[in-house]
Number of protein chains: 2
Amino acid sequence: MSSTYWHPDVAELSLPSVLFALSDPVRLEIVGQLAAWRDGEVPLVCASVGPDMPKSTRSHHLKVLREAGVTRSVQSGRERQLSLRRDELDERWPGLLSAVLAGVPSPA
Amino acid sequence: MSSTYWHPDVAELSLPSVLFALSDPVRLEIVGQLAAWRDGEVPLVCASVGPDMPKSTRSHHLKVLREAGVTRSVQSGRERQLSLRRDELDERWPGLLSAVLAGVPSPA
DNA sequence: AAGAAGGTTCGACTGAAATGGAACTGTCGA
DNA sequence: TCGACAGTTCCATTTCAGTCGAACCTTCTT
């Protein structure tokens, strides 16, 4: 796991931080897209996720998600491949992410 | 249902607002206490919920929860009895509240 | 080596949220 | 009727979050 980045350990995640990270429409949309990603598809990278916006803004939202422990980003070449930390979140707060995702309109 | 207050209808609740309301430790503690309330017990009122703090601050947090649709407060005499809108929230976002509550340390 | 591409960081600005004191409203008890 | 009591509202202050341009760092390409 050569992730380049620091990611918080599951044990040190906090529920308020996670809920806060998920409480923004833009971030919720990003999470929805990550959740819709299927193995075998071309990996989602920063630039390809969320609505159109300046890259510094997008980077900010992705940072909030990453630091809350919701997403993971792994460097690959000059891109960063994004993924949801589904299993880890589910281990810590069973059913939480699923319940949230069920309330997010799935991306077109 | 003589609620004195305006409460948003389930249909008009938004996921980001609910998650935001739940993303604060103080409010999460309040919600945990409301969830622990059992039928037959003396009703929970504003003053008896959450950590010690000025009443204007408490009133603020309760307003956030109420307006997000998480709680309901019904006037009774000079107090306001608080309750969780469990069933309604569960109808709208099944499993969400339960998952959150499972992650909240239950009150002593 | 030079430049483009993908992201991060920094700094500034703006708007929103948290906090708490003080004044106010409505209800109850004496 | 006069407090006392439960809450809300108003207001000021401070802190935090969102937005975005500009500069920067890496990696890839040529």
Side-chain angles (χ1 to χ4, degrees), chain A residues 2-8 14-31 33-34 37 42-83, chain B residues 2-8 14-31 33-34 37 42-83:
Chain A
S2 66
S3 83
T4 301
Y5 273 132
W6 172 80
H7 291 86
S14 92
L15 187 52
S17 310
V18 170
L19 294 175
F20 178 80
L22 296 172
S23 73
D24 180 278
V26 170
R27 295 193 290 262
L28 218 38
E29 179 177 336
I30 293 175
V31 167
Q33 285 180 238
L34 293 179
W37 184 83
V42 51
L44 289 169
V45 297
C46 303
S48 60
V49 98
D52 190 42
M53 64 177 96
K55 56 184 184 173
S56 57
T57 303
R58 174 177 289 113
S59 188
H60 163 72
H61 285 298
L62 290 171
K63 185 180 186 185
V64 173
L65 288 169
R66 187 176 0 102
E67 293 184 341
V70 177
T71 60
R72 187 178 292 282
S73 63
V74 174
Q75 179 141 6
S76 163
R78 55 183 148 181
E79 330 190 293
R80 265 129 208 202
Q81 305 186 342
L82 301 171
S83 57
Chain B
S2 67
S3 84
T4 301
Y5 273 134
W6 172 81
H7 291 86
S14 94
L15 187 52
S17 310
V18 169
L19 294 174
F20 178 79
L22 296 173
S23 73
D24 180 277
V26 169
R27 293 192 291 260
L28 217 38
E29 178 178 336
I30 293 174
V31 168
Q33 285 180 237
L34 293 179
W37 184 84
V42 50
L44 289 170
V45 297
C46 304
S48 60
V49 97
D52 190 44
M53 64 177 93
K55 58 183 184 173
S56 58
T57 303
R58 173 176 291 114
S59 188
H60 162 71
H61 286 298
L62 290 172
K63 184 181 186 185
V64 172
L65 287 169
R66 188 178 358 105
E67 293 184 342
V70 177
T71 61
R72 186 177 293 282
S73 64
V74 174
Q75 179 141 6
S76 164
R78 52 183 150 183
E79 325 189 299
R80 265 129 207 202
Q81 306 187 342
L82 301 170
S83 57

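Chain naming here is simple, since letters A, B, ... match the order of the sequence lines and numbering starts at 1 in each.
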Exercise. What are the two closest heavy atoms between B/S76 and B/Q81, and how far apart are they?
Worked result: OG-NE2, 3.5 Å
Problem set entry | Under 4.0 Å protein heavy-atom contacts per nucleotide of nucleotides 25-30 of chain D, with B for base, S for backbone only and - for none | --BBS-
For this session: Sort and list the pairs that fulfil side-chain hydrogen bond (donor to acceptor under 3.5 Å, both in side chains) and have at least one residue in residues 45-57 of chain B, not counting sequence neighbours.
Result: none
Exercise. Of A/R66, A/E67, A/R80, which is the lone residue that meets side-chain hydrogen bond (donor to acceptor under 3.5 Å, both in side chains) with A/Y5?
Worked result: A/R80
Seminar exercise, completed: A/S14 meets the side chain to side chain contact (heavy atoms under 4.5 Å, CB included) criterion, sequence neighbours left out, with A/P16, A/S17
Exercise. Can you tell me how far P of C/dG7 sits from CZ of A/R72, to the nearest Å?
Worked result: 18 Å
Problem set entry | Minimum heavy-atom distance B/H7-B/T71, with the two atoms named | CD2-O, 3.6 Å
Where do N or O atoms of nucleotides 18-22 of chain C meet protein N or O atoms at under 3.5 Å, pair by pair?
residue: C/dA18; atom: OP1; partner: B/R27; partner atom: NH1; Å: 3.0
residue: C/dA18; atom: OP1; partner: B/R27; partner atom: NH2; Å: 3.2
residue: C/dA18; atom: OP2; partner: B/H60; partner atom: NE2; Å: 2.7
residue: C/dT19; atom: OP2; partner: B/H61; partner atom: NE2; Å: 2.5
residue: C/dG20; atom: N7; partner: B/S56; partner atom: OG; Å: 3.1
residue: C/dG21; atom: N7; partner: B/S56; partner atom: OG; Å: 3.2
residue: C/dG21; atom: O6; partner: B/S56; partner atom: OG; Å: 3.3

For this session: Would you kindly give the CD1-to-P distance between B/I30 and D/dG7, to the nearest whole Å?
Result: 12 Å
For this session: Check side chain to side chain contact (heavy atoms under 4.5 Å, CB included) between B/V64 and all other residues, then give those that pass, not counting sequence neighbours.
Result: B/A21, B/R27, B/H60
For this session: Measure from NZ on A/K63 to C1' on D/dC20 and round the result to the nearest Å.
Result: 15 Å
Exercise. Would you say a side-chain N or O of B/Y5 is under 4.0 Å from OP1 or OP2 of D/dT8?
Worked result: yes
Problem set entry | d(CG, A/L62; C1', D/dT19) in whole Å | 15 Å
Within the sub-3.5 Å range, which N or O atoms of nucleotides 13-15 of chain C have a protein N or O partner, and how far apart are they?
none

For this session: Measure the spacing between OG of B/S23 and CG of A/D24 and express it to the nearest 0.5 Å.
Result: 11.0 Å
Problem set entry | Closest heavy-atom pair and its distance - A/V70, A/L22 | CG1-CD2, 4.3 Å
Exercise. Roughly how many Å is it from CZ in A/R58 to C1' in D/dA17, rounded to a whole number?
Worked result: 18 Å
Exercise. Do you know the tightest heavy-atom contact between A/M53 and A/V26?
Worked result: CE-CG1, 3.4 Å
For this session: Check the pair B/L82 / B/L65 against side chain to side chain contact (heavy atoms under 4.5 Å, CB included), numbers first and verdict last.
Result: CA-CA 11 Å; B/L82 301 170; B/L65 287 169; over 6 Å; no
Exercise. Is the distance from OP1 or OP2 of C/dT8 to the nearest side-chain N or O of A/R66 less than 4.0 Å?
Worked result: yes
Exercise. So, is A/S59 close to the C/dG7 phosphate, meaning a side-chain N or O under 4.0 Å from OP1 or OP2?
Worked result: no
Problem set entry | Atom pair distance, as rounded to whole Å: CZ in B/R80 and P in D/dC5 | 18 Å
Seminar exercise, completed: For B/V42 and B/W37, the nearest pair of non-hydrogen atoms, with its separation, is O-NE1, 3.1 Å
